[in-house]
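Reminder, nothing fancy here: chain letters follow the sequence lines and each chain counts from 1.
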Amino acid sequence: MDNTLPASAGPPASALTQGVGRVLLSEAEIRERITVLAQEISRDYAGRNPLLVGVLKGVIFFMSDLLHAITVPATVDFMAISRYDGGRNKGAVRLIKDLDDAVEGRHLIFVEDIIDTGLTLNYLLRILRARGPASLEVCTLFNKPDHRLIDIPLKYCGFDLPDRFVVGYGLDYKEGYRHLPYLAELRPETLQITPR
Amino acid sequence: MAAEQPAPFSHPVEAEFARILDFYGIPWQYEPRTFVLESDAQGTVLEAFTPDFYLPDQYLYVELTTMQPNQIRHKNRKLRRLRELHPEVSIKLFKRGDIRSLMLKFGVEDYPDMMTNRL
């Protein structure tokens with residue numbers, strides 16, 4: 001059977017990586033670090049059946065690889081929140097997808113792809129703490145401490161990143177580039193914005 | 001044309017920053033305190049510094065500047081002096097590149113218009 005995708009299945013690889021600049025972290029480096037994080041979590045949560053909670057969408061790649069590498073029983077759930085829309089509409093952040101089950105008495109690990117200002121994470125941790133989990137820790141793959149506005153303790157952290165706009169491994173620019181298996185800078189010309 | 005900003009802000013970037021904080025429910029105060037950096041023997045203030053924002057829940061001051069990197073020597077010096085005189089004060093400077101990253105992250109598409117005014 002021919003498993004070759006037809007030409008219409010998607011744009012060529014060159015189009016998928018258009019605008020991508022220097023690779024900061026290779027796929028192998030990311031996977032190696034995730035394995036270490038998973039070992040630490042497996043050691044710390046043996047017999048505690050942790051619930052890994054992620055916020056859509058960027059975290060899906062990290063969550064998937066982390067779960068594969070964790071060696072103790074664990075479950076997973078996701079939340080989604082509204083995004084700041086550049087001030088076009090007034091309003092506040094709100095949950096648009098809640099967890100499927102109650103978390104009272106559970107050991108929660110909040111899993112993030114990247115923590116930058118800490119504003120999103122702070123909002124979600126406030127919600128989760130109010131639900132009475134037995135414990136609540138944070139695991140992030142990427143950390144950008146330079147822009148931190150809310151000081152949040154990170155129990156598990158993959159990489160500290162420099163102050164550059166990066167994409168790949170779940171991180172997007174205008175919803176693109178999430179699929180890249182590595183972390184890369186965008187070329188400056190890619191970050192041109194169309195004024196509204 | 002540069003984006004307009006509502007009072008009390010002196011720059012559209014400040015207004016956008018306040019909207020982002022409001023969106024995430026973070027309390028903030030605008031320019032609540034002026035720090036005296038230098039005064040003469042008579043107590044006349046010779047130099048002072050007023051950070052743009054204070055986040056009371058984080059005990060954090062935030063200063064925003066859209067000036068080009070080669071133009072912020074004066075501001076860096078003021079921040080150094082502030083930290084010398086008030087080591088207990090926590091302050092974070094968001095430079096032009098930081099603000100650009102922040103606006104990109106939060107989908108503020110007209111941020112280039114905001115950067116044309118000096119802050």
Side-chain angles (χ1 to χ4, degrees), chain A residues 19 55 58 81-95 113-127 130 142 144-153 161-167 171-177 185-186 188-196, chain B residues 1-6 9 11-29 51-65 69 90-117:
Chain A
V55 60
I81 59 172
S82 59
R83 296 180 68 165
Y84 185 73
D85 64 355
R88 285 179 283 277
N89 295 303
K90 290 194 170 183
V93 61
R94 59 189 171 81
L95 272 182
D113 49 348
I114 187 166
I115 300 175
D116 192 347
T117 59
L119 291 171
T120 304
L121 179 60
N122 177 65
Y123 169 74
L124 290 165
L125 291 182
R126 281 198 321 241
I127 290 175
F142 304 121
K144 287 176 87 171
D146 289 350
H147 293 167
R148 190 78 87 253
L149 293 172
I150 314 291
D151 189 24
I152 298 167
L161 297 183
D163 179 25
R164 298 197 184 104
F165 198 89
V166 292
V167 293
L171 306 184
D172 76 306
Y173 174 59
K174 294 187 171 183
E175 292 297 326
Y177 305 103
E185 292 178 318
L186 276 188
E189 62 270 25
T190 312
L191 291 171
Q192 295 300 316
I193 307 297
T194 306
R196 61 173 187 233
Chain B
M1 191 178 115
E4 292 184 3
Q5 68 286 346
F9 306 108
H11 193 281
V13 159
E14 295 175 345
E16 194 68 51
F17 187 72
R19 280 194 291 270
I20 292 170
L21 294 174
D22 284 343
F23 183 77
Y24 287 99
I26 304 299
W28 54 269
Q29 298 166 4
D52 296 319
F53 287 89
Y54 180 61
L55 312 186
D57 287 357
Q58 281 66 48
Y59 308 103
L60 176 69
Y61 287 91
V62 178
E63 174 71 6
L64 309 173
T65 180
S90 184
I91 183 164
K92 187 156 278 202
L93 174 65
F94 278 71
K95 300 175 189 171
R96 188 179 177 86
D98 301 321
I99 293 170
R100 181 171 168 269
S101 296
L102 197 71
M103 296 303 161
L104 283 169
K105 172 184 165 60
F106 287 108
V108 181
E109 295 189 350
D110 58 355
Y111 87 91
D113 290 348
M114 299 179 189
M115 306 296 257
T116 56
N117 280 357

Looking at Asp151(A), Ile150(A), Asn122(A), which makes the most heavy-atom pairs under 4.5 Å with chain B?
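The option with the most such pairs is Ile150(A).
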
Looking at Asp57(B), Ile20(B), Val62(B), Leu102(B), which makes the most heavy-atom pairs under 4.5 Å with chain A?
Ile20(B)

Determine whether [X] and [Y] make a side-chain contact, defined as any pair of heavy atoms from C-beta on separated by less than 4.5 Å.
X         : Y         : answer
Phe94(B)  : Leu149(A) : yes
Tyr177(A) : Leu186(A) : yes
Glu16(B)  : Ile99(B)  : no

Can you say whether Leu55(B) sits under 4.5 Å from chain A via the side chain, the backbone, both, or neither, judging by heavy atoms?
side chain

Give me each pair satisfying salt bridge (Lys or Arg N to Asp or Glu O under 4.0 Å) with a member in residues 114-126 of chain A, each pair once, sequence neighbours excluded.
none

